[in-house]
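Only this structure's heavy atoms are used, side chains among them; waters, hydrogens and symmetry mates stay out.
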Amino acid sequence: MREAIRLGLNGMRAGMGGPFGCVIVREGAVLARGFNQVLHLKDPTAHAEMVAIRIACRALDSFQLTGCDLYTSCEPCPMCLGAIYWSRPSRVFFANTRDDAAAIDFDDEFIYEELDRPISERSIPMIQLLRDEAQPAFQEWLTKLDRQNY
């Protein structure tokens with residue numbers, strides 16, 4: 001956890017982004033380190049957890065973090081939480097809370113509220129198009145003999 005905190009602080013001081021860091025460990029060995037690089041990379045998905053997950057998955061040559069522990073300097077935002085669940089680490093440890101993050105102007109409450117709203121009431125219009133044309137790809141996936149579920 002101290003390494004995650006240190007990474008976040010150093011990344012922030014270097015102008016990379018907010019004060020967030022993440023370390024992923026497996027069997028006592030550090031697989032990946034990440035820090036917020038949203039400003040540096042001009043990438044809204046370059047949160048510490050996302051960066052570390054990408055590095056760890058490449059190191060493992062896998063899309064899952066089976067047997068890994070994730071240490072993050074702050075309770076994960078909704079995007080990172082989704083990526084964490086998809087990557088399936090064994091445990092997540094965090095230092096600061098989402099309320100602590102909101103207190104320094106990193107407030108994700110609006111996203112949690114948006115997720116609870118019906119699609120038609122969300123602040124960014126979400127408009128469904130061409131479902132009938134998209135369905136064959138989904139149907140083909142169901143019959144694909146070599147598919148790997150994840």
Side-chain angles (χ1 to χ4, degrees), residues 1-131 134-135 137-138 141 147-150:
M1 183 59 75
R2 287 184 182 97
E3 176 69 358
I5 294 166
R6 185 191 67 76
L7 286 165
L9 189 59
N10 289 346
M12 176 195 67
R13 288 176 177 165
M16 300 291 185
F20 306 99
C22 181
V23 177
I24 299 175
V25 176
R26 185 174 188 195
E27 297 175 358
V30 173
L31 284 178
R33 292 172 174 86
F35 54 88
N36 186 294
Q37 297 182 56
V38 169
L39 299 177
H40 173 69
L41 297 177
K42 297 172 181 45
D43 178 353
T45 70
H47 290 197
E49 297 93 335
M50 301 294 284
V51 170
I53 288 169
R54 290 173 183 140
I55 293 168
C57 285
R58 281 194 299 272
L60 293 172
D61 193 28
S62 176
F63 56 86
Q64 293 187 337
L65 299 175
T66 305
C68 295
D69 290 330
L70 187 147
Y71 295 83
T72 180
S73 63
C74 187
E75 182 180 354
C77 75
M79 175 185 66
C80 293
L81 189 60
I84 288 166
Y85 274 98
W86 283 118
S87 65
R88 296 178 177 89
S90 296
R91 298 181 294 187
V92 174
F93 299 91
F94 65 94
N96 291 307
T97 68
R98 74 190 218 194
D99 292 331
D100 296 329
I104 63 164
D105 295 329
F106 287 94
D107 191 354
D108 299 321
E109 190 59 35
F110 74 98
I111 297 172
Y112 291 105
E113 291 170 1
E114 284 286 297
L115 291 172
D116 285 337
R117 289 191 174 123
I119 290 174
S120 62
E121 295 177 18
R122 293 186 179 160
S123 62
I124 297 175
M126 306 250 168
I127 304 153
Q128 186 176 23
L129 294 175
L130 303 177
R131 181 175 184 264
Q135 280 292 300
F138 277 27
W141 174 258
R147 79 175 185 215
Q148 185 176 359
N149 291 327
Y150 53 95

Give, for atom [atom1] of [X] and atom [atom2] of [Y], the distance between the pair rounded to the nearest 0.5 Å.
X: L70; Y: L65; atom1: CG; atom2: CG; value: 7.5 Å
X: Y71; Y: C22; atom1: OH; atom2: SG; value: 11.0 Å
X: I104; Y: C74; atom1: CD1; atom2: SG; value: 7.5 Å
X: Q37; Y: K42; atom1: CD; atom2: NZ; value: 12.0 Å

Partner residues of Q135 under the side-chain contact (heavy atoms from CB on, under 4.5 Å) criterion, sequence neighbours left out: R131, F138, Q139
What residues, two or more places apart in sequence or in another chain, satisfy side-chain contact (heavy atoms from CB on, under 4.5 Å) together with I119? R122, M126
Grab the two heavy atoms, one from D108 and one from C77, that are nearest each other, plus how far apart they are. OD2-CB, 3.1 Å
Side-chain donor-acceptor pairs under 3.5 Å in residues 1-12, sequence neighbours left out?
from	atom 1	to	atom 2	distance (Å)
E3	OE1	R6	NE	2.9
E3	OE1	R6	NH2	3.1
E3	OE2	R6	NH2	2.7
E3	OE2	R33	NE	2.9

Using atom types as modelled, flag every donor-acceptor pair under 3.5 Å from a side chain in residues 80-89 to any protein atom, sequence neighbours excluded.
from	atom 1	to	atom 2	distance (Å)
S87	OG	A83	O	3.1
S87	OG	I84	O	3.1
R88	NH1	W86	O	3.2

Can you give the donor-acceptor pairs under 3.5 Å from side chains of residues 45-56 to other protein atoms, not counting sequence neighbours?
from	atom 1	to	atom 2	distance (Å)
T45	OG1	D43	OD1	2.6
T45	OG1	D43	OD2	3.3
T45	OG1	R54	NH2	3.2
H47	NE2	P44	O	3.4
E49	OE2	T72	OG1	2.7

By side chain to side chain donor-acceptor pair (under 3.5 Å) - contacts of S120 (at least two apart): none
Test of understanding: with side chain to side chain donor-acceptor pair (under 3.5 Å), list the residues that count as partners of R147, not counting sequence neighbours. N149
With sequence neighbours left out, what residues match R13 under salt bridge (Lys or Arg N to Asp or Glu O under 4.0 Å)? none
Mind checking salt bridge (Lys or Arg N to Asp or Glu O under 4.0 Å) for D69 and listing every partner two or more places apart, or none if nothing turns up? R91
Just grab all the ring pair (Phe, Tyr, Trp, His ring centres under 6.0 Å) pairs involving residues 2-24, residues at least two apart or on different chains. F20-F106
Does Y150 have any ring pair (Phe, Tyr, Trp, His ring centres under 6.0 Å) partners at least two apart in sequence or in another chain, and if so, which? F63
Run the numbers on C68 and L31 for side chain to side chain contact (heavy atoms under 4.5 Å, CB included), then give the verdict. CA-CA 9 Å; C68 295; L31 284 178; 3.7 Å; yes
Can you give me every donor-acceptor pair (side chain of residues 93-101, partner residue at least two apart or in another chain, under 3.5 Å) with its distance?
from	atom 1	to	atom 2	distance (Å)
N96	ND2	S73	O	3.4
T97	OG1	D99	N	3.3
T97	OG1	D100	N	3.0
T97	OG1	D100	OD2	3.2
R98	NH2	E109	OE1	3.3
D100	OD2	T97	N	2.8

